[in-house]
Amino acid sequence: MQIEFYFLISSFLFAIGLAIVVTRKNAILVLMGIELMLNAANINFVAISQSAPDVGAGQFFALFVIVVAAAEAAVGLAIVLRVYDYFKTIDLDNINELKG
Amino acid sequence: MTQVNDILDWNPVTIMALLVFCLPLLSFIIISISKEKHQVLMSWLASLTMLMASLLSIAVLLQAWSEVYHTKFTWFQWAEYIFTMGLLIDLPAALMLVTVNFIAFLVHLFSIEYMKGDEGYKRYFAFLGLFTASMIGIVLADNLLVIFVFWELVGLSSYLLIGHWFSKEKAAKAATKAFIVNRIGDIGFVIGLSIIWLQFNTFDLVELYSLMGNIQVADGMWISASGSSLSLIWLTVAGIALFFGAIGKSAQFPLQIWLPDAMEGPTPVSALIHAATMVAAGVYLVARIFVLLNIDALTFIAFTGAITAMMGAVAALTQNDIKKVLAFSTISQLGYMLMGMGVGAYDAALFHLFTHAFFKAGLFLAAGSIIHSLHLSNQANDFDAQDMRNMGGLRKSVPVTFIAYVLCGLALMGMPIFSGFLSKDAILLDTLTWANAHQSMFFYLIPILGFGSVLITAVYVSRQILLVFFGEFKGQEVKSIKENSLLIKGVLLILSIMAIGVCWSINPFYSEMSWLMSHIEIPSSAFDIGMLSASFAPSHLMVSLISTSLLLTGVVFAYLKYRPEGQYFRNYSLETLKPQNFWQSLSYENWYLDQFYQTVFINPFHKITSFAKAIDTHIIDRMVNLFGMGSVIFSYIVAWFDRAFVDGTVNAVVFLTGRVGTATRSIHGSKAQSYILAAVIGLIIIIFLIF
Amino acid sequence: MTIIELGFYFFSILACLSAAFILFTKNVLYAAFSLVLTFLSVAAIYVIAHAEFVAVTQIMIYVGGIVVLIIFGVMLTNKLADKKPISGSHNKFMAFMVALSIFVMLIYTIGQINFPLITKALEPNLKMLGVGLMSDYLLPFEIAAVLLLIALIGAAVIAGKKEGQDHAD
Amino acid sequence: MTENLSFKLHSIIGDLSYLLPEFILVAIILLILLADLIFKNQPKLVRLIAIVGLLFELYFSTRQYLHIDKSMSVFAGMVTLNSLTAFWKMIFSVGALLTILMSQAKASRWKTGEYHMMIITIVLGANLLAMSSNLLMVYISLEIISITSYLLTTFSFDKKGAEAGIKYFLFGAVASAIMIYGMSLLYAVTLTLDFTGQQFTDALLQANPLPVIVGSVMLVAGFVYKMAAAPLHVWSPDAYTAAPTPVVAFFSVVPKLAGLAILIKVILVINLFGLGPINWPTIIAIIAMITILVGNFSALWQNNVKRLLAYSSIAHAGFLLAGFAAFSQPALQNVLFYAVVYLIMNIATFMIVNHFENSKGLIKVEDYSGIAVDHPYLTVLITILFISLTGIPPTGGFTAKLLIFTSIWESYSQTDNQWLLYLLVFGLLNTVISLFFYLKIPFYMIFRTPNKELGSGKIKFGMENYFAGILVLAILLIFFKPEWLMGLINNINFAF
């Protein structure tokens, strides 16, 4: 399997993730988009680790990204719940009281 | 790189000078921490410290009469560069020191009476001390960077003093305006500093003097002794940029707009800061950097000065506020000084700086005395004690002030036997010599503007004296107007004596014989200024005759136009507010400079800033709007497609409204994600640009 | 075409399709389930890339942890009894342009990278990972522990306490 | 393999002592956690632990600063330790100390234990970020800072806090996703994560330009976001408005400077001695200009004091970048100088603003009308601070700006990069523009009549005002004796 293919998938997932982040109104869906973007980067790391001289590095990076993503998701959902407490919605369109 | 390693030692003269600097600072500190109930005592104490400072500075002057003293020490070191601080006392500095201290002393005395009962009495005296200290800092500093530091401090304390009556909206605005306009000039100062730094790696004036002596100019390059070379244009730019700082402080064209507004401050402050000392700092700066200026820069200075002299004089012609007339006249006189500097009349310009400091302080304090008297008298509630339309006939009520005003006014006009005559003639003589040295007729513009200003000065000074002191009083109770206390009278008398020419020259008709001017040496510049090569030196007598006859013409004209029996005087009241023709409004509105800045800079600036703000906070919404519209159009197309190919019209209409609804809804809000969108777009653009 | 390559294509297409489904579906719950599918496909891709441990971690943490969290979040923020958890979208055109240009840019970029060839088949690397975590990667490992601790405490504080309420509830 | 491993383990055990400051930070976190569990509701104890711990950490960082004279790679190349990173660590711990000192009044309303733990965690992340020499380390330490920051933003426990929290969170998560994608591209090009090594530089020099450009820009975007510089600054005004004031003071200093530290470190590598496909000095100069522009112009119309200061801190990030754009060793020293001055003046300003907010509830600029009558001391302090933030003498802010501009000018005259000249002129113009909004608050305080509704009368003079006074003295002192600070910075060995 050539490494290019991995990168191809990852760039597609990255673009889709970004699109989700920007378009979807629901905060939780946006969070899903972010997870997709992280996964995209992970695919790259894992793919490269197949041929890099320092074999572990890419896989380690992927492992740590997964761990950090878990922490981030927990914090993110906590904040989403707090927002829901106050706004009774998690529609990002309506969470807009701080004005420039 | 570092030429300075030996630190020059202290000697008695520099220590004395340092003491002169510390005394007002001490007064500032003591007054700030003292209790409010001791404030009158404190103000006497402040005056006393100023007296001591004046005496000390006279001692310094005697020592520095024929010798230059220089002391410095390391301030900080950065990489291989050493920044120093120090004192440089040459004759101009010592004279300036005496002038500043002496006038500050008189203003302190005057203020004790003038500010009595004011709410901010203590604050006022404290700031006065701070101002004096920082002004002395400018005078003594041996280093352009240190000068800049005190330059800013002076700006700050002037800001605080102009805004002394801050509850008046106008005063607060004027303070801000003065501060900001000054800062615009300071940008020039900073640019000049950076060029000088680049070329010489030092700010020390003494070193700069010797380095400038060793520069070479070849092939349009400006080569310093250490081998660093820059295009010659940068030397001109450096000179003009530094001069730009002076334009700001000395209220020269095009930045003179702040000075008239600054008259919102207490009158003694106007006398000290906006007539005698701070505004003269610009001229003093030009004197300090004189050797750095090449011919082009000097010509620029001369033209700026001449234009300002004329503009200020014209603007003074139609003012109604007693202090504003004086403010515009200050602008005009400062223009004279800079014009003198520009034509190489270094000595004459400094001489005019000193004579002007005294007689203009005298005029301001006399005006202050009038205002004070009118305040204390019983007038109607809405009586404006500064408006000349409310005055007239005051010579009987305040005779001492009247005498002082006339004496100082004559000095301002440049009447022979008064101090102003000596210095003004010296400047005019040199402008003429300078113009002769140039081949083109164009350069005669400067002496013409100079002589023209003499005429107009005579007119506006006479006008003011006639309107204020002659005829009948226009207010209600002329009897209740009393001359002020002995303290104020004493101060005025001292200043009016200084306006008489004998104090400055043994022969009051001939400036070359002035004890002062003959001692000031023109620093040797690397450039031929053009004075020496003059093919024809005009006779001194001729210049004096021309200027005196212009002056007398002006006085006669003014008498005919503004005499108490005349039509102008009778019509001159609060009811006839409007200037009558274009020229009068041009003068009254100070050449519409404020309006000009408002339309050309401030309004567009406001627009730009609100635009920038809109961009930062709303651009995304705009973009969304735009694309919202795009998607509406898109949805129309889709709808049309639907209607044409898929479904019946009814369905299509329902669909269409639904689509339009979604599209418009997406126009609103959506900040959080729009931010992200904007950031990502920014990144793409950056990548695209790099590639 | 070997079976491995076939598997790779299959799972890649699955991942892409299920990701695209998240983008287009209106129902948040469906999106969450589709996310599970994406994660599983990605895990399969990891396996094909000889990263078995990463694949297992992906399944354990993403599918077992994060998605569960997300589904909890969906349920806590929607009254499921009343109606379906439906959510719309906006900025569509703009987002499409941006995502497309990012995608095109990345494709170009990938074309410019000189990828090394995969010469050797990797042996199972669990041991190597374990040793690495305790030697070369000890510092990030420990720091990640601190990060998890803080995230846990913080999430509890943020989600748990309302203003004015005591510890009791 | 086993020999190799035991060698590695030995060297790691030997390296443990070099991370003493970080161990102390972790110990503080655990101690606070325990103290909070065992003695409930003991804010004073928690504060004591935090302050004493930070003092220890500061002490050991200072020791590192004094005793480490060459760069050393620690923990299997994960982090590098040298006097520069030790200096950054000192800055971070001072910032945290001052923040904890100022949060006295409100801390009891928040969950004190968690609050202090998070401040300490951010310092830990900042320390590691400044030290890291491996992309993985960069990612993890940046995430520690980010995740903790999201949490702290919501610590005002109100509606606004929640809103700002979610905005900050979404923006930050996307930024870090973009950053690691950039890392993966760079990894694909170089096949190594250790960006200080020879292999990394060599591979980048040989690679095609496009992957290097895309990878580097995406990577740097993560740092720019942490610094709140344009175009990734948009999160900061909202977050700064809603978060508790001490937290804002902390955000505007520690994470920002940590972002700057790693930005400098990484860009000096990927600049490839000027041989790379990207002209970084120009890019940095442009980013700096945009940042200054956005910060200053948006601040002009702000009414909310915290929001105004948020934009001001954006503008200062721009000036920090401007100093870095000169790309020379003296320029880096000047950036450090500016960073220290910025730390002091910004935190001092927030101390006073916080004090007014807590005791009188002043939020808008108009609320400050006529404060000078009742609080002359604080008025003088805040006026000096704003003068310093503008960059007018006689304050340290002036010296710092002067040094920045000097180094830009020097660099311009050496490299003839036109953008540096534009940057210089632009920066000078902007100091004038910034005058308009910085003067606004002192103007209201001194020149406006007091607002009757808020009530006059003296307020309690808190301990933190003495600290603010000391900081203001420090600002003045830096102007008069800059060589004290300069001497500290000159000791730093800039060899990476």
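Chain letters run A, B, ... following the sequence lines, proteins first and then strands; every chain starts at 1. No hydrogens, no waters, no symmetry mates; every other heavy atom, side chains included, goes into these values.
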Participant: Between atom CD1 of Ile28(A) and atom OG1 of Thr77(C), what is the distance when rounded to the nearest 0.5 Å?
Facilitator: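 Rounded to the nearest 0.5 Å, the CD1-OG1 separation comes out at 4.0 Å.
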Participant: Among Phe96(C), Phe72(C), Phe24(C), Phe53(C), which residue forms the greatest number of heavy-atom pairs with chain A at distances under 4.5 Å?
Facilitator: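 Looking at each of Phe96(C), Phe72(C), Phe24(C), Phe53(C) in turn, Phe53(C) comes out on top.
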Participant: Do you know the tightest heavy-atom contact between Ala19(C) and Ile16(A)?
Facilitator: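 So the two residues come closest at O-CG2, 3.6 Å.
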Participant: What closest approach, in Å, do Ile66(C) and Ala73(A) show between heavy atoms, and which atom pair accounts for it?
Facilitator: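 Of all heavy-atom pairs spanning Ile66(C) and Ala73(A), the closest is CG2-CB, 3.9 Å.
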Participant: Hey, can you tell me if Tyr9(C) and Phe5(A) have their rings parallel, tilted or perpendicular (30° and 60° cut-offs)?
Facilitator: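 Judged by the thresholds at 30° and 60°, the geometry between Tyr9(C) and Phe5(A) is perpendicular.
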Participant: Between Ile20(A) and chain C, which part of the residue has a heavy atom less than 4.5 Å away: side chain, backbone, both or neither?
Facilitator: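 Interface part for Ile20(A): both.
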Participant: Please name the pair of heavy atoms, one in Ala155(C) and one in Ala74(A), separated by the smallest distance, quoted to 0.1 Å.
Facilitator: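 Residues Ala155(C) and Ala74(A), closest heavy atoms: CB-O, 4.0 Å.
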Participant: Can you give the donor-acceptor pairs under 3.5 Å from side chains of residues 38-45 of chain C to other protein atoms, not counting sequence neighbours?
Facilitator:
{"from": "Thr38(C)", "atom 1": "OG1", "to": "Ser18(C)", "atom 2": "OG", "distance (Å)": "2.9"}
{"from": "Thr38(C)", "atom 1": "OG1", "to": "Ser34(C)", "atom 2": "O", "distance (Å)": "2.8"}
{"from": "Ser41(C)", "atom 1": "OG", "to": "Leu37(C)", "atom 2": "O", "distance (Å)": "2.7"}

Participant: By a 4.5 Å heavy-atom criterion (distance strictly below it), what part of Leu8(A) contacts chain C: side chain, backbone, both, or neither?
Facilitator: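 It is both, since atoms from each part get that close.
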Participant: Test side chain to side chain contact (heavy atoms under 4.5 Å, CB included) on Ile158(C) and Leu81(A) and set out the steps.
Facilitator: CA-CA 9 Å; Ile158(C) 296 297; Leu81(A) 288 184; over 6 Å; no
Participant: Go through the steps for Phe115(C) and Gln2(A) under the test side chain to side chain contact (heavy atoms under 4.5 Å, CB included), then give the verdict.
Facilitator: CA-CA 9 Å; Phe115(C) 286 106; Gln2(A) 280 176 316; over 6 Å; no
Participant: Where does Leu133(C) contact chain A at under 4.5 Å (heavy atoms): side chain, backbone, both or neither?
Facilitator: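 It is both, since atoms from each part get that close.
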Participant: Under 3.5 Å, side chain of Arg24(A) to main-chain N/O of Ile22(C), donor-acceptor pair present?
Facilitator: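 Between the backbone of Ile22(C) and the side chain of Arg24(A) there is a qualifying donor-acceptor contact (under 3.5 Å).
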Participant: Can you find a pair of side-chain heavy atoms, one from Tyr62(C) and one from Asn39(A), that are under 4.5 Å apart?
Facilitator: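 Side chain of Tyr62(C) against side chain of Asn39(A), heavy atoms only: contact under 4.5 Å found.
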Participant: Out of Leu76(C), Asp136(C), Val67(C), Leu100(C), return the one with the most heavy atom pairs under 4.5 angstrom to chain A.
Facilitator: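 Most pairs with chain A among the choices: Leu76(C).
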Participant: Using side-chain heavy atoms (C-beta onward) and a distance below 4.5 Å, is Thr109(C) in contact with Phe7(A)?
Facilitator: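 SC-SC contact between Thr109(C) and Phe7(A) ruled out.
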Participant: Would you indicate whether the side-chain heavy atoms of Phe12(A) and Leu106(C) approach each other to under 4.5 Å?
Facilitator: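 Not touching, per the 4.5 Å side-chain cut-off.
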Participant: Ser101(C), Pro140(C), Ala144(C): which one forms the most heavy-atom pairs within less than 4.5 Å of chain A?
Facilitator: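 Going by pairs under 4.5 Å, I would pick Pro140(C).
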Participant: Salt bridge (Lys or Arg N to Asp or Glu O under 4.0 Å) with Asp91(A): which residues, sequence neighbours excluded?
Facilitator: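 Here no residue qualifies.
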Participant: Could you state the interatomic distance from CG (Leu63(A)) to CD1 (Ile61(C)), rounded to the nearest 0.5 Å?
Facilitator: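 It is 8.0 Å, given to the nearest 0.5 Å.
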Participant: If every non-hydrogen atom of Ala151(C) is compared with every non-hydrogen atom of Ala71(A), which pair is closest and at what distance?
Facilitator: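 Residues Ala151(C) and Ala71(A), closest heavy atoms: CB-CB, 3.7 Å.
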Participant: Count the heavy-atom pairs under 4.5 Å between each of Val28(C), Leu129(C), Thr57(C) and chain A, then report the option with the highest count.
Facilitator: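 Between Val28(C), Leu129(C), Thr57(C), the count favours Leu129(C).
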Participant: Using a cut-off of under 4.5 Å for heavy-atom pairs, which of Leu29(A), Thr89(A), Leu31(A) has the most such pairs with chain C?
Facilitator: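 Among Leu29(A), Thr89(A), Leu31(A), the one with the most close pairs to chain C is Leu29(A).
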Participant: Could you look at Leu77(A) and say if it's the side chain, the backbone, both or neither that has a heavy atom under 4.5 Å from chain C?
Facilitator: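 Side chain of Leu77(A) only, per the 4.5 Å heavy-atom cut-off to chain C.
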Participant: To the nearest 0.5 Å, what is the distance between CG (Asn26(A)) and NZ (Lys26(C))?
Facilitator: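 Taking CG in Asn26(A) and NZ in Lys26(C), the distance rounds to 13.5 Å.
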Participant: Relative to chain C, which segment of Phe14(A) carries a heavy atom at a distance below 4.5 Å: side chain, backbone, both, or neither?
Facilitator: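 Answer is side chain: those atoms of Phe14(A) sit under 4.5 Å from chain C.
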Participant: Nearest 0.5 angstrom please: Tyr108(C) OH to Ser11(A) OG, how far?
Facilitator: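 One finds 13.5 Å between OH of Tyr108(C) and OG of Ser11(A).
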Participant: Identify which part of Ile43(A) has an atom lying under 4.5 Å from any heavy atom of chain C, answering side chain, backbone, both or neither.
Facilitator: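 Both backbone and side chain.
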Participant: Under 4.5 Å from any heavy atom of chain C, what part of Glu72(A) do you find: side chain, backbone, both or neither?
Facilitator: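 Nothing of Glu72(A), per the 4.5 Å heavy-atom cut-off to chain C.
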Participant: Is it the backbone or the side chain of Leu23(C) that comes under 4.5 Å from a heavy atom of chain A, or both, or neither?
Facilitator: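 Both backbone and side chain.
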Participant: Rounded to the nearest 0.5 Å, how far apart are CG of Leu14(C) and CD1 of Ile9(A)?
Facilitator: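 So the gap between those two atoms works out to 11.0 Å.
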Participant: For Ala27(A), which atoms come within 4.5 Å of any heavy atom of chain C: side chain, backbone, both, or neither?
Facilitator: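 For Ala27(A), no heavy atom lies under 4.5 Å from chain C.
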Participant: Would you indicate whether the side-chain heavy atoms of Phe64(A) and Phe141(C) approach each other to under 4.5 Å?
Facilitator: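 The answer is yes, as the side chains (C-beta and beyond) meet within the 4.5 Å cut-off.
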